[in-house]
Each structure stands twice: as C-alpha cells, then as structure tokens.
Amino acid sequence: MASYFIRRLLLVIPTFLGITLVVFTITRLVPGGPIERIISEAQQMSATEGDSAGTSQSAANDAPLSPEQIEMLKEFYGFDKPIFISYIEWLGKVLTLDLGTSTRYYDPVWDIIKDKLPVSAYYGVVTTILTYLICIPLGVLKAIKHKSFIDSTSSIVVLIGYALPGFIVAIILFVWPAAQWDWFPLGGFISEEFEDFTAAEQIWDVIHHSILPLIAYMIGGFATMTFLMKNTLMDHLASDYIRTAIAKGLSFRSAVFKHAFRNSLIPLATHFGNNISLFLAGSFLIEKVFNIDGLGLLGFESLVERDYPIVLGVLVITSILGLLGNILSDFCVALVDPRVKFD
Amino acid sequence: MADDAILQVKGLVTSFQTEAGTIRAVEDVSFDVHKGQTLGIVGESGCGKSVTSLSIMRLLPKPFGHIESGEIILDKQDLLKLPAKKMHHIRGNRISMIFQEPMTALNPVHRIGKQIGESFMLHQPDMNEQAIYEASVEMLHLVGIPAPEQRIQEYPHQLSGGMRQRVMIAIALACKPDILIADEPTTALDVTIQAQILELMKSLQKTSKMAIIFITHDLGVIAEVCDDVVVMYAGKIAEKASVHDLFQSPRHPYTKGLLSAIPKLDNPPKQKLQTIEGSVPDLMSLPTGCRFQNRCFYMEERCQSQPPPLEQIDTDHFVNCHRWKEI
C-alpha cells in the first residue's frame with residue numbers, strides 16, 4: 001500500500017507541471033497583461049497632463065512610452081524571453097516558495113494569498129464538516145423512513161436548494177434576512193469593532209457573520225450528498241448480508257448501524273478528499289455578494305485584471321491541493337473498504 | 001407424529017402487495033418439522049418455497065410481504081403472535097437460516113471472526129471476548145475450514161464461495177439452533193462443493209440433532225438429504241410424503257412430471273430431455289380449480305371448476321389432486 005501512495009505522490013509532479021505549463025502559456029498568449037495596462041495608464045496620465053498644460057505635445061499621446069521603455073518593462077516582467085525559458089524560471093522560483101510579485105499591488109503573491117487563506121479555509125472547513133454532519137444523518141433518516149412524510153418534505157427542501165444556484169441563494173439571503181430584516185450583518189467576515197470584543201463576543205461575531213454565507217455555500221451540495229447517502233444505504237438495506245444479520249437475531253436498527261452504515265460510506269469516502277480543493281477555491285460569486293475577502297474572489301479579480309502572478313499563485317495552491325485531495329480520497333476508500341488493496 | 005414435531009406450520013397464507021394488486025405467494029401451507037430430521041421443500045422458482053421459509057423467520061420484505069393467516073408453532077407458542085422484539089431471540093438462536101448466495105450473504109467490510117462472534121454476542125451475552133474468539137474458531141473448525149485461526153482474521157472476499165457458505169453455516173449453527181432453514185444453500189456452488197456442503201450439513205445434524213428445512217429445486221439433493229418432502233406448486237402444496245414414498249410412488253401429476261424430467265444415466269445420449277409442457281400460472285390471475293390444470297395430462301372438467309382438497313392417502317402421504325386414485 002505504501003508503494004502505491006508513493007507512486008501516486010510521484011505522479012503529482014508531472015500532472016502539476018502539465019497544469020501550470022498550460023496555464024502559464026495561456027497567460028502569455030492572450031491579449032492584455034501588465035504591460036498593456038501600464039501603457040494605457042501612461043496614456044491616460046499623459047492625456048490629463050496634456051489637458052492641464054494646454055500645450056501642443058499631442059504627438060507624444062499616440063505613443064506614451066518609447067519602444068525602449070516598453071523593452072525595459074518587458075524585461076522587468078520577464079516577457080522578453082521565450083515562453084518555455086520564462087516558465088522554467090517561474091518554476092524555479094516556485095520551488096523556492098517564491099510565487100513572484102503581484103503586478104497590481106506590487107506585493108509578494110504569497111503574502112496576498114496568505115492574507116486570504118484563513119477566511120477561505122474557515123469557510124471551506126466549516127462547510128465540509130457541516131455538510132457531512134447534516135447530510136449523513138439526514139440521508140440515513142430518509143432511507144429508513146423511505147416514502148414517509150419526513151422523507152418527502154426533506155426531499156422537496158433539498159431539491160429546491162439543489163435547483164437554486166448558490167449565488168442566487170446568497171442574493172436572496174442578502175436582500176431579506178440581512179438587508180431588509182436586519183437579522184444578520186451585511187457581509188464581511190468580522191465587525192469593525194472586533195478587536196474590542198471579548199473572546200465570547202468575537203466567536204459569536206464570526207458565527208453571526210458566517211451563517212448566511214455558509215447556507216449559500218452548503219445548500220447546493222446538500223442534495224447530492226444526502227441522496228447519495230440515502231440511495232446507497234437503501235441499496236445496502238436490501239442486500240443479502242443485511243438479511244443475514246437480521247436472521248442472526250439483530251434488530252433492524254442494529255443491522256442498519258452495525259452493518260449497512262459502513263458499507264454505505266464507501267461512495268461518500270470517494271468524494272472526501274476532493275473537498276480540500278473546494279476549501280480554498282470557494283465561490284467568488286458568493287464571496288462577492290457577502291463581501292468576503294477570500295481566495296475565490298482574489299483569483300477571479302486577478303484574472304479580470306490580468307494579474308498573472310496571482311492567477312498562477314492561486315493555481316499552484318489549488319492544483320496541489322486538488323491532486324493531494326485525490327490521493328486522500330483513495331486513502332479514505334481503502335480505510336473503509338477492506339476489499340480495496342492498492343499494490 | 002405431531003407429538004415430536006419441533007415446529008409446526010399450519011395453514012400459512014402469505015401475500016405480497018404489488019403495484020398491480022395483492023398476490024398470494026403461499027396459500028394454506030401446513031407441515032411439521034421433526035427433531036433430527038430433514039424436511040425438503042421442492043418446487044420451481046416462484047412456487048412459494050422461499051416465501052414459506054422467510055415467513056417462518058418473519059423476514060418477509062417489508063412493507064410488501066404480509067402473513068395473512070396461519071400459525072407457526074415452536075414450543076407451543078405461535079411465532080406469528082410474538083412481538084417483534086421476542087423474535088430477535090428466536091432468530092439465530094432457536095431457528096437459523098442460510099441463504100442461496102454465499103458470495104453476497106456476508107458483510108464485505110467485517111472480518112469473518114466478527115460476523116461469527118456477533119451471534120454469540122447477541123444470544124449468549126455472558127460470554128467474554130476470549131470465549132467468543134475460541135468458540136468462533138471452534139465453529140470454523142467444525143464446518144471444516146482449514147487454519148481457522150488465520151481465516152477468522154480475514155474478510156469474506158478472501159474466501160471462495162464454498163468457504164463462505166461454510167462460514168454462513170458456522171454463523172447459523174453458532175448458538176446451536178433447534179432448526180436450520182437452508183434456502184437453496186448449494187445452488188450457487190459447483191457440484192463437488194455442493195456435495196461437500198451437503199455432507200457437512202448431514203454430519204452436523206447427526207451430532208446436534210437439529211431439524212433442517214431444506215429448500216431446493218433439485219430433486220437429486222432432496223433424495224440425498226431429506227427424510228420428508230413437501231412439493232409446492234404455485235403457492236400450494238401439491239404433494240407431501242416421506243422421501244421414500246415420494247420417489248417410489250408419486251401421486252400428483254406434477255411430482256410425476258418432475259421425477260420423469262430427471263435425466264437418467266442409462267438413457268441413450270442426445271435424447272430429448274423430458275419437460276413439463278407449459279408454464280406456471282401467473283399468481284395474479286390464478287385459474288379457478290386446480291392450479292396445475294393447464295399443464296396436466298389428466299385434467300378433466302372438475303379440475304377446472306373446483307380446487308382439489310389436500311387428501312391423506314397414507315399415514316404421512318398427502319396429495320392435492322382430484323384424480324390421484326386413477327393415475
């Protein structure tokens with residue numbers, strides 16, 4: 001088993017190289033980027049200067065930067081070299097944990113990401129834990145009480161949640177419970193007076209701020225997880241080994257929890273590791289609605305603004321987590337299913 | 001004979017709710033099971049033999065299966081009147097069951113030891129862990145599994161089908177039940193393994209004096225292991241007799257048909273196999289009168305109009321046919 005996981009870990013390397021090389025190449029080929037932005041900024045600046053001075057230096061407006069200046073900029077951002085060479089250089093820096101400098105903020109990318117990481121990780125971890133905590137018991141209940149009142153009503157609720165995109169739910173929650181009725185803060189992660197609060201107040205403040213975004217995050221994932229749990233458990237309840245267990249003298253309840261339950265966790269375990277990449281990616285739309293300063297929003301805005309070092313930095317982190325998550329899933333499956341042997 | 005009967009089934013009627021309506025899978029089935037003896041229940045698929053056994057265990061699939069009437073008497077108490085909780089002490093303790101599919105009848109994620117030990121834990125709560133372990137190893141040894149100390153640590157997928165069926169038997173016999181219900185225990189196994197399992201069941205029966213209800217569609221197996229036989233057709237008993245009487249002087253045309261359908265070694269090769277023409281009637285739309293009428297060579301008018309009674313023709317021989325005297 002150990003050798004299998006070592007092999008899987010080694011396979012992360014080429015996959016990671018592939019992902020980053022493709023995205024790196026795309027950032028070089030698409031129009032836009034830091035140099036174009038500086039050119040347009042310079043254009044605006046010289047235009048306003050020209051207006052205020054009132055002189056006739058309009059010839060310079062067409063080309064606010066001289067070709068030499070542009071060459072200098074290209075050199076500064078490393079655009080003067082061929083794609084592959086600069087990819088190798090970028091990769092070399094990444095290996096020393098240097099993700100470069102943002103072309104918008106001129107701060108180290110790692111510092112910017114590090115700032116947003118706790119918020120995203122908080123939402124990711126809490127969402128995952130709550131989803132499992134709610135969906136597994138709910139799925140079990142629905143399976144045991146199949147076709148009962150509680151099964152049907154919870155199905156309706158869960159399916160409505162599934163049908164609504166997370167950001168729509170976010171907007172609904174934002175407009176009524178938060179804005180209209182004033183039950184919850186209008187977004188943000190903590191209050192401005194956070195520093196002055198007692199510990200208990202601080203905890204409550206974080207919870208109070210996160211209730212609505214958490215609902216928006218979780219509601220879409222509920223249906224898949226709950227129905228996966230319900231359907232696999234029902235399959236297992238109809239299986240021969242449950243009949244064996246009951247024929248042994250077990251009550252139905254014990255048969256469910258001692259025999260069917262662990263078998264039904266196998267498909268859930270296959271998903272488990274993939275959650276850690278969701279931890280961080282978040283949803284920029286939900287982050288946007290609730291003004292949460294997380295990685296999802298950062299990645300999206302960097303993309304719009306062509307802040308490639310940040311785009312690549314976020315990519316490095318999410319892709320490594322995604323790849324490790326897959327391995328973690330394999331590990332979880334091996335943990336609950338003794339038939340799975342990796343070698 | 002009723003005096004030494006350990007289990008009596010009287011007038012059992014079991015029905016299923018389906019989307020198309022209610023069907024009676026078992027109708028008016030009665031038989032006695034005697035200590036240390038084997039009762040065979042034989043019939044085609046869908047004749048109600050498995051439903052009969054599940055009814056005895058009260059293991060019918062809920063909420064569709066339902067016992068309409070009848071009595072199942074063990075120790076002078078009617079199992080059908082017992083509260084569900086009391087049934088837990090009967091199952092696996094007084095009456096055990098083994099199933100057709102050894103490949104799926106064991107829980108794939110639990111070790112063999114745990115699955116055998118569970119029976120002891122349920123019915124002999126004063127046993128400690130060490131005693132349970134030793135008893136489980138002993139059970140595996142008893143059912144002829146080599147290296148039981150090692151096997152007990154393994155998972156079902158590490159065992160062959162025959163070995164798994166032995167484990168099932170070990171689980172079923174762990175608490176020394178009075179009655180073992182074996183629902184086609186050898187159907188999924190190949191013939192050599194089948195012979196081993198039958199041999200094992202016979203020898204275990206000899207030492208423990210338990211009664212066995214053996215459900216099968218294979219008359220060869222019946223001849224090998226049973227003392228008495230119930231032949232079922234479309235939910236009803238067609239004929240009930242000692243195994244000797246049944247094979248020597250079958251009375252019901254269906255039994256005769258079944259027996260003549262067994263290929264014989266001295267038949268010339270490549271001969272056409274004997275069959276019973278036609279097929280089992282749909283339980284949703286049973287004919288009035290005899291249920292076997294559409295396949296019977298001896299069918300006459302009254303067979304179509306009134307169902308035959310189950311008539312006693314000898315001490316232990318019953319037949320459900322209007323014309324048994326003539327044929």
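Chain letters run A, B, ... following the sequence lines, proteins first and then strands; every chain starts at 1.
No part of B:Gln158 comes within reach of chain A, as not one of its non-hydrogen atoms sits under 4.5 angstrom from that chain. For B:Ile98, no part sits under 4.5 Å from any heavy atom of chain A, backbone or side chain. Neither the backbone nor the side chain of B:Met103 comes within contact range of chain A, judged by heavy atoms closer than 4.5 Å. No part of B:His89 comes within reach of chain A, as not one of its non-hydrogen atoms sits under 4.5 angstrom from that chain.
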### Message
Set out, in order, the CA-CA distance, both residues' side-chain angles and the distance that settles side-chain contact (heavy atoms from CB on, under 4.5 Å) for B:Val109 and A:Val336, then state yes or no.
### Response
CA-CA 7 Å; B:Val109 302; A:Val336 291; over 6 Å; no

### Query
Could you walk me through whether A:Arg243 and B:Met97 pass the side-chain contact (heavy atoms from CB on, under 4.5 Å) check?
CA-CA 10 Å; A:Arg243 199 175 52 181; B:Met97 190 161 179; over 6 Å; no

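To the nearest 0.5 Å, atom CG of residue A:Asn263 and atom CG of residue B:Asn107 are 4.5 Å apart. How far CZ of A:Phe252 is from NE2 of B:His88: 10.5 Å, rounded to the nearest 0.5 Å. Rounded to the nearest 0.5 Å, atoms OG1 (A:Thr244) and CG (B:Leu106) are 6.5 Å apart. Separation of atoms CG (A:Asp337) and NE2 (B:His157) is listed at 8.0 Å; rounding is to 0.5 Å. Separating the NZ atom in A:Lys258 from the CE atom in B:Met121 is a distance of 5.5 Å, to the nearest 0.5 Å.
Counting heavy-atom pairs closer than 4.5 Å to chain A, the top residue among B:Asn93, B:Leu59, B:Ile95 is B:Leu59. Heavy-atom pairs under 4.5 Å with chain B peak, among A:Ser251, A:Ser254, A:Pro338, A:Ala245, at A:Pro338. Per-residue counts of heavy-atom pairs under 4.5 Å with chain B were compared for A:Ile242, A:Ile266, A:Leu250; the largest is that of A:Leu250.
The environment of OH in B:Tyr155 is crowded: more than 12 heavy-atom neighbours from other residues, nucleotides or ligands sit within 6.0 Å. Environment of CG in A:Leu11: crowded, with over 12 heavy atoms of neighbouring residues, nucleotides or ligands closer than 6.0 Å. Other residues, nucleotides and ligands place more than 12 heavy atoms under 6.0 Å from the NZ atom of B:Lys202. For A:Tyr162, the OH atom counts as loosely surrounded, since its 6.0 Å shell holds 12 or fewer non-hydrogen atoms of other residues, nucleotides or ligands.
In this structure, A:Arg339 contributes its side chain and B:Pro108 its backbone to no donor-acceptor pair below 3.5 Å. The main-chain N or O of A:Lys248 is found under 3.5 Å from a side-chain atom of B:His123 such that the two form a donor-acceptor pair.
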